[in-house]
Colleague: 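Mind having a look at this structure? Questions to follow.
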Amino acid sequence: MGKNKLQKFADITEFANVFQYPFSVLREKGFDMKGKWGERFFGNDNPIVLELGCGKGEYTVGLARNNKDKNFIGIDIKGARIWSGAKEALETGLANAAFLRTSIELLPYFFDAGEVSEIWITFPDPQMKKVRKRLTSTSFMERYSKLLKTGGIIHLKTDSPFLFKYTSEMVRCNGFKLLAETDDLYNSAYSGAITEIRTFYEQQWLDRGFKIKYISFVCEPRDGYVEPDIDIEFDEYRSFNRSRRGGQMKNTDNNDNLS
């Protein structure tokens, strides 16, 4: 591990806008701001918006800067990545931005039922071979729906045709209310505020000529969740930090929950 990374880990332990708790502490004592993020950290009752897998925090910071009437929390397991966004937020005085270092599976330990208004999922690994790790799978929808307010919204931005197709079908199979859907965001009616902020990966895809896909929908609890049972062609291009995408799959791993 490089010295620079070690310094970043040390830095974020002192950042007032970064929270990280070992699982053993969460299990035994819980998180004392659960259900009280607005009151205890942000000092207001504005809507809370999460960005999952926030990486360097470009989107979290950008959203916070452009929407002062909402509170934003970037979530990632990689502390060295979070450092960039957290540092920028502190240096620019963004009081409506915070960062949480944890696994997405542990969100229920940090947020109470109905505490979250929106969730952004920006350029996640499509996890073409692992349904249960796919951030728009039904197992994750079940988790998200318990944290979201009534009418809570999920946004997905992705370069992946596979993940876009999968998510679109998942929305339809489960009867979620579709709000927006396009396979070419920058040449659609939804461009504008959504395209003003670009993540590191997003700019890479745009530079390579890839179309950005976007879908948003209302995620509310269901008695049962249905995984799409369709053939979806794998992505056939190589990304900078992911393994080669190619082949086909059929989704048969219905309601496969994470352990």
Side-chain angles (χ1 to χ4, degrees), residues 19 23 26 30-31 33-38 46-55 57 59-60 63 67 70-77 98-127 130-158 160 162-181 194 199 213-228 251 253-259:
F19 300 87
F23 180 66
L26 289 175
F31 180 61
M33 289 203 313
K34 179 179 178 180
K36 301 177 182 179
W37 279 89
N46 291 340
I48 291 176
V49 182
L50 309 183
E51 184 196 1
L52 306 185
C54 69
Y59 221 81
T60 297
L63 287 170
N67 300 273
K70 296 180 180 180
N71 300 317
F72 296 88
I73 304 172
I75 298 168
D76 205 294
I77 194 62
F99 292 86
L100 176 61
R101 185 186 178 195
T102 192
S103 298
I104 293 171
E105 291 85 354
L106 298 182
L107 290 182
Y109 283 92
F110 293 95
F111 299 96
D112 210 349
E115 189 172 9
V116 177
S117 293
E118 297 178 56
I119 292 174
W120 280 87
I121 306 171
T122 52
F123 301 93
D125 187 323
Q127 296 287 354
K130 300 176 181 178
V131 176
R132 66 179 186 177
K133 290 189 176 182
R134 208 171 295 155
L135 292 187
T136 57
S137 69
T138 55
S139 60
F140 276 101
M141 290 301 123
E142 184 174 6
R143 288 182 173 89
Y144 303 153
S145 67
K146 294 176 181 178
L147 307 179
L148 287 164
K149 295 179 180 296
T150 300
I153 299 172
I154 292 180
H155 307 264
L156 170 71
K157 287 180 74 177
T158 182
S160 168
F162 174 91
L163 186 61
F164 179 70
K165 177 65 174 178
Y166 167 82
T167 305
S168 178
E169 292 299 322
M170 185 281 300
V171 169
R172 289 175 173 79
C173 284
N174 290 280
F176 292 127
K177 181 181 179 181
L178 183 66
L179 301 178
E181 182 180 23
I194 296 175
T199 69
K213 298 110 175 65
Y214 170 71
I215 185 170
S216 65
F217 55 95
V218 176
C219 178
E220 294 185 327
R222 296 287 186 272
D223 290 333
Y225 294 81
V226 181
E227 274 290 333
N251 296 302
D253 198 7
N254 292 352
N255 296 312
D256 191 1
N257 293 319
L258 287 166
S259 59

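Only this structure's heavy atoms are used, side chains among them; waters, hydrogens and symmetry mates stay out.
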Colleague: For residues 106-117, pull every pair meeting side chain to side chain donor-acceptor pair (under 3.5 Å), keeping only residues two or more places apart or in separate chains.
Modeller: none
Colleague: Counting distance only, does the side-chain N/O of S103 pair as donor-acceptor with the main-chain N or O of L106 below 3.5 Å?
Modeller: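 Pair absent, no side-chain N/O of S103 close to backbone of L106.
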Colleague: Check whether more than 12 heavy atoms from other residues, nucleotides or ligands sit under 6.0 Å from atom NZ of K34, and answer yes or no.
Modeller: yes
Colleague: Without hydrogens or angle criteria, can the side chains of S145 and E220 be said to hold a donor-acceptor pair below 3.5 Å?
Modeller: no
Colleague: Is there a donor-acceptor pair under 3.5 Å between the side chain of N71 and the backbone N or O of I48?
Modeller: no
Colleague: Under the side chain to side chain contact (heavy atoms under 4.5 Å, CB included) test, which residues partner K36, sequence neighbours left out?
Modeller: E39, R40
Colleague: Tell me, do V49 and F72 make a side-chain contact under 4.5 Å, heavy atoms counted?
Modeller: yes
Colleague: List the residues meeting side chain to side chain donor-acceptor pair (under 3.5 Å) with T102, not counting sequence neighbours, and say none if there are none.
Modeller: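 Once residues adjacent in sequence are excluded, T102 has no partner under the side chain to side chain donor-acceptor pair (under 3.5 Å) criterion.
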Colleague: Is it true that the NZ or CZ of R134 lies under 6.0 Å from the centre of Y166's six-membered ring and within 45 degrees of the ring axis?
Modeller: yes
Colleague: For D125 and Q127, indicate whether the former's side chain and the latter's backbone hold a donor-acceptor pair under 3.5 Å.
Modeller: yes
Colleague: Any Lys/Arg nitrogen of R172 or E181 sitting under 4.0 Å from an Asp/Glu carboxylate oxygen of the other?
Modeller: yes
Colleague: Measure from NZ or CZ of R143 to the centre of the six-membered ring of F140 and say whether it is under 6.0 Å with the direction within 45° of the ring axis.
Modeller: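 So R143 does make the cation-pi contact.
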Colleague: Does the side chain of F164 come within less than 4.5 Å of E169's, by heavy atoms?
Modeller: no
Colleague: Please verify the inter-ring angle class for F31 with W37; under 30° counts as parallel, over 60° as perpendicular, anything in between as tilted.
Modeller: tilted
Colleague: Hey, does the side chain of K177 reach the backbone of V218 with a donor-acceptor pair shorter than 3.5 angstrom?
Modeller: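 Checking the backbone N and O of V218 against the side chain of K177, no donor-acceptor pair under 3.5 Å is found.
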